[in-house]
Amino acid sequence: MEAGRRRSLTDLLVARHGRLGDDVARLPGGFGLGQVPSRLAPDAVTSMVCGYCSVGCSLDVHLRDGEAVNLSPTVHYPVNQGRACPKGWEALAPLAADDRATQPLLRDERGRLAPVGWDTALEAFVSRFKAVQAQHGPASVAFLSTGQIVTEEMALLGAVAKFGMGMLHGDGNTRQCMATAVVAYKQAFGFDAPPYTYADLEESDVIVFFGSNPCVAHPILWERVCRNPHRPEVVVVDPRATETARAATQHLALAPKSDLVLLYGLARLLIERGAVDHAFVEAHTSGFDEFAAHVAPYTVDVVADATGVAAEELERLAASIAGGKRVSLWWTMGVNQSHEGVLVAQAIIDVALLTGNIGRPGTGANSITGQCNAMGSRLFSNTTNLFGGRSFTEAADRQEVADALGIDVGRIPDQPSLAYDQIVEGIATGDIRGLWVVATNAAHSWINHSELHDLLGRLDFLVVQDMYGTTETAQRADLVLPAAGWGEKEGTFINSERRIGLVKRVARAPGQALDDFAIFKLVAEAWGCGDLFSAWSSPEAVFGLLGRLSAGRPCDVSGVDGYRMIDELGGVQWPLPAGTTTTAGAERRLFGDGRFFHLDGRARFCFGEPRPVREATSRRYPLVLLTGRGTSSQWHTQTRTSKSALLRTLYPADPHVEMAPSEAEALGLAPDEWVEVASARGTMRARVLVTPTVRRGQVFVAMHHPDVNRLTFPSVDPQSRQPSYKHCAVAVRRLETWES
Ligand SMILES: Nc1nc2c(c(=O)[nH]1)N[C@H]1C(S)=C(S)[C@@H](COP(=O)(O)OP(=O)(O)OC[C@H]3O[C@@H](n4cnc5c(=O)[nH]c(N)nc54)[C@H](O)[C@@H]3O)O[C@H]1N2
Ligand SMILES: Nc1nc2c(c(=O)[nH]1)N[C@H]1C(S)=C(S)[C@@H](COP(=O)(O)OP(=O)(O)OC[C@H]3O[C@@H](n4cnc5c(=O)[nH]c(N)nc54)[C@H](O)[C@@H]3O)O[C@H]1N2
Ligand code: SF4
Ligand SMILES: [Mo]
């Protein structure tokens, strides 16, 4: 598009912030920037899903003059049934923070980030990235995105970057989080398909959590467990005695990263005790005999030796599973973030398959997702997978997408993207020279990020698109694009149980901040490929496109008739193919007919050899560092949750290193004392929290402090390339000793 028309477009976009609600109609083509009052009565209550975790609670937003003034949890929503955790209750607070990015910022010749208009910002974006591509090839510019923007936005980003701008590489922070589950499900089921519905938590008689702390990380799922009327056996497999473990009926405090041996031992015991559902295994699975032979050597003694879990504890768990009628097995980051996470996740799936605990109420091998829209990212971000869980390397898949979108198939890359760690590596080798980071704070959250900090400085051009200009990553940018956040735009999220929920515009983005959707559209226009995306006119139009793209796939949502249907039904779980229907509040699970997504319809037993951890403890670094979520009031890198005065009262202001009383005593450390935690890669300061929840030889630091990832060791699972955030070797010392 020529400069004149683009300028008038940006002027209009920016002008819309002058007065709420009266300028949108003038937008050429309409960008779906429907203002608050366009869909909602001025004084009303409207419900929408929460923008933090993957539970996907619904919140009733109370409006005055069309703008949000307050909120409360939605009572009639199948997910949360009137409950919310502190983050949900405080979801509006981060929107009003002082450090919101309100204008594009461009690094000037003195090296400072200076405010510029959108036209200048877009001109810099296009000219700098095009210059990089001209010199080093189209694949030298890459993007890193997120599981925290609406599906329509991530789909548009994936399409604009790859089909329009010629990028080959783009990955999401979902790599840090869900890649392991994706690979495990694909290999076992033939598609990335979490089988469960949340009602299963209330219908099980045995519930086992592996590396999962729902009391903190998915509080409303824990509430669902508490509503289970069957007096369930609740088992937690976690090195720490977490909030969840302490509320459980069994806690297996295994040695960190010994889950695979434990699970193989568990499978062996179940087989030995005759707990195999032979009818199910024979009719619906393949590879059982090989699996049984594989686990035969894992006796209770081998398990006790490798995991520290006593024979009686393992026997008790096996007896519970063997005796259970409805057994559900759940896992989260203690499994996914591991040097062998895919094998562990598959071993959990194997246990469900061999006992026939899948496809029935209260059962399943169930990966709990992390971010509000990690599931959208897995299926529709066009990063690792081509739209709809397809493959970039399959010519037929590329053709289907080209046909559905009306684009030339030659625009679709025939190679998969590099994974996140490989993109980082590409910066080191000079293959990646330009990077566009959207809604992720890599300079805090990436593993061993001191290295990343160095590498960001080597880029020819770094663009960061975020709600805040103050994030560790935005501060490193050459160009900051100010983005609207949750509540300031519309679209859909897909939660852990495959439920599509709606996000609405109930607040006005500050200053010149724009929806990510509008930013992607403007980028496409400025780049000169806007015409390719004329059908992508609004989030809801894109939702329709994605529905068509999903048709015939396991994640088929072609039967979801627009946002109104989602709103009226209380969310809709995939699949819902065209011509099928569902009812309000329905809870649906997969595989009730025993048919999986492999061509032969069977699920596969998948297994392999355990491997040693990549960084063992040593005399210099004698402790294992575990990391994870600290409290239900903190979210990741804290760009949002730290902006709520209320939430700030609910978690400690200083970082803490949690250690066993005997450890603190041996090191001569007093409670609350400041110490240095050091690994071979870096150090951080923290206060000592003496607690029996952590075993001797291990310490725990929450991920919410930026320095924690100066310590972590950058190993990844070889199949999923998900980083192993939960295991590295550290030392803890008093500050004086350390400094002397
Ligand atoms: N309050 C809050 N909630 C959140 C988030 C947040 O930042 N704050 N983030 C969301 C996101 S994106 C995610 S991915 C989820 C994460 O949700 P979870 O995975 O439940 O949370 P984590 O604390 O990262 O890790 C869970 C547990 O894994 C254990 N663990 C460590 N190593 C091992 C091991 O080797 N084996 C086993 N079995 N367990 C181990 C840790 O001790 C920890 O208790 O939470 C989501 N919800
Ligand atoms: N040591 C350790 N590190 C970890 C983990 C761990 O367990 N231990 N867990 C890992 C996991 S599972 C995850 S998911 C990652 C999370 O890591 P990140 O994704 O880096 O963490 P967030 O703080 O959620 O970053 C999201 C960013 O997007 C911005 N943002 C929010 N909404 C919007 C929006 O609508 N548009 C735009 N443009 N920006 C927006 C926020 O301001 C913030 O800067 O951390 C990983 N890092
Ligand atoms: S549990 Fe998750 S989705 Fe529900 S209110 Fe809390 S952060 Fe939001
Ligand atoms: Mo995550």
Side-chain angles (χ1 to χ4, degrees), residues 51-55 85-87 94 101 144-150 153 172-178 209-219 236-240 242-245 252 254-259 262 331-338 344 368-372 374 437-447 449 464-468 470-474 481-489 513 515-516 519 613 624-641 693-694 698 700-704 708-709 711-712 722-727:
Y52 283 107
C53 89
S54 63
V55 173
C85 84
K87 295 185 296 303
L144 290 174
S145 116
T146 186
Q148 291 178 63
I149 55 178
V150 293
E153 290 174 341
N173 63 1
T174 25
R175 180 74 60 177
Q176 294 160 298
C177 184
M178 302 315 304
F209 289 107
F210 293 91
S212 183
N213 187 12
C215 285
V216 162
H218 300 93
V236 170
V237 180
D238 194 310
R240 296 189 302 136
T242 59
E243 295 76 354
T244 315
L252 277 62
L254 80 177
K257 299 292 155 267
S258 66
D259 303 67
L262 182 110
W331 83 87
T332 321
M333 290 310 121
V335 170
N336 284 357
Q337 294 171 343
S338 158
V344 178
I368 308 173
T369 320
Q371 306 165 82
C372 48
V437 179
V438 179
T440 186
N441 188 7
H444 173 146
S445 60
W446 184 243
I447 198 158
H449 67 44
V464 175
Q465 184 167 321
D466 203 287
M467 290 171 67
Y468 306 97
T470 49
T471 72
E472 290 85 357
T473 317
L481 300 178
W486 170 92
E488 295 166 345
K489 54 187 181 179
D515 320 13
D516 294 291
I519 298 174
V613 292
V624 172
L625 174 68
L626 304 171
T627 68
R629 277 71 199 157
T631 68
S632 65
S633 303
Q634 288 164 291
W635 180 257
H636 294 164
T637 75
Q638 288 269 63
T639 67
R640 287 193 278 165
T641 36
T693 58
V694 182
Q698 300 160 24
F700 175 82
V701 180
M703 66 167 295
H704 311 297
V708 68
N709 281 321
L711 308 174
T712 43
Q722 176 159 346
S724 178
Y725 284 106
K726 289 178 164 41
H727 198 288

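Both ligands and their constituent atoms are indexed starting at 1 by order of listing. What you see is a predicted model, and the numbers here were worked out from it, not measured in a lab.
Atoms of ligand 1 lying under 4.0 Å from at least one heavy atom of Pro256, given by number and element, are 35 (O). Against a heavy-atom cut-off of under 4.0 Å, Arg240 is close to the following atoms of ligand 1: 41 (C), 42 (O), 43 (C), 44 (O). Atoms of ligand 1 lying under 4.0 Å from at least one heavy atom of Val216, given by number and element, are 1 (N), 2 (C), 3 (N). Applying the 4.0 Å criterion to heavy atoms of Thr242 picks out, from ligand 1, the atoms 44 (O). Listed by number with element, the atoms of ligand 1 under 4.0 Å from a non-hydrogen atom of Val237 are 37 (C), 38 (N). Within ligand 1, counting atoms from 1 as listed, the ones closer than 4.0 Å to a heavy atom of Ser632 are 1 (N). For ligand 1 and Lys257, the ligand atoms under 4.0 Å from any heavy atom of the residue are 32 (N), 33 (C), 34 (C), 35 (O).
Side chain of Thr242 to main chain of Ala245: a donor-acceptor pair is present (N/O by atom type, distance under 3.5 Å, no hydrogens or angles). When atom types are taken as modelled, the side chain of His704 and the backbone of His636 share a donor-acceptor pair closer than 3.5 angstrom. In this structure, the side chain of Asn709 engages the main chain of Ser445 through a donor-acceptor pair within 3.5 Å.
Here Arg640 pairs with nothing under the salt bridge (charged side-chain N to carboxylate O under 4.0 Å, His left out) rule; sequence neighbours left out. Applying the salt bridge (charged side-chain N to carboxylate O under 4.0 Å, His left out) test to Asp238 and every residue at least two apart in sequence or in another chain returns nothing. The salt bridge (charged side-chain N to carboxylate O under 4.0 Å, His left out) check on Lys726 picks up nothing, with sequence neighbours excluded.
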For ligand 2, what N or O to protein N or O distances fall under 3.5 Å?
unit_1   : atom_1 : unit_2 : atom_2 : d
ligand 2 : 1 (N)  : Thr627 : OG1    : 3.2
ligand 2 : 1 (N)  : Asn709 : OD1    : 2.9
ligand 2 : 3 (N)  : Asn709 : ND2    : 3.1
ligand 2 : 7 (O)  : Gln337 : OE1    : 3.3
ligand 2 : 7 (O)  : Arg629 : NH1    : 3.1
ligand 2 : 7 (O)  : Lys726 : NZ     : 3.0
ligand 2 : 8 (N)  : Thr627 : OG1    : 2.9
ligand 2 : 9 (N)  : Gln337 : NE2    : 3.2
ligand 2 : 9 (N)  : Arg629 : NH2    : 3.4
ligand 2 : 17 (O) : Ser445 : OG     : 3.2
ligand 2 : 19 (O) : Asn173 : ND2    : 2.6
ligand 2 : 19 (O) : Thr440 : OG1    : 2.9
ligand 2 : 20 (O) : Thr440 : OG1    : 3.2
ligand 2 : 20 (O) : Asn441 : N      : 2.7
ligand 2 : 20 (O) : Asn441 : O      : 3.4
ligand 2 : 20 (O) : Ser445 : OG     : 2.7
ligand 2 : 23 (O) : Thr637 : N      : 3.0
ligand 2 : 23 (O) : Thr637 : OG1    : 2.6
ligand 2 : 24 (O) : Gln148 : OE1    : 3.4
ligand 2 : 24 (O) : Gln148 : NE2    : 2.7
ligand 2 : 24 (O) : Trp635 : NE1    : 3.3
ligand 2 : 24 (O) : His636 : ND1    : 2.9
ligand 2 : 28 (O) : Ala439 : O      : 3.3
ligand 2 : 35 (O) : Ala484 : O      : 3.4
ligand 2 : 35 (O) : Lys489 : NZ     : 2.8
ligand 2 : 36 (N) : Asp516 : OD2    : 2.7
ligand 2 : 38 (N) : Gln465 : O      : 3.0
ligand 2 : 38 (N) : Asp516 : OD1    : 2.9
ligand 2 : 42 (O) : Asp466 : OD1    : 2.7
ligand 2 : 42 (O) : Thr639 : OG1    : 2.8
ligand 2 : 44 (O) : Asp466 : OD1    : 3.3
ligand 2 : 44 (O) : Asp466 : OD2    : 2.6
ligand 2 : 47 (N) : Ser445 : O      : 3.0

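To the nearest 0.5 angstrom, Arg240 atom CZ is 10.0 Å from Gln698 atom CD. For the atom pair CE of Met703 and CD of Gln337, the computed distance is 8.0 Å after rounding to the nearest 0.5 Å.
Tyr52 places a side-chain heavy atom less than 4.5 Å from the side chain of Pro94.
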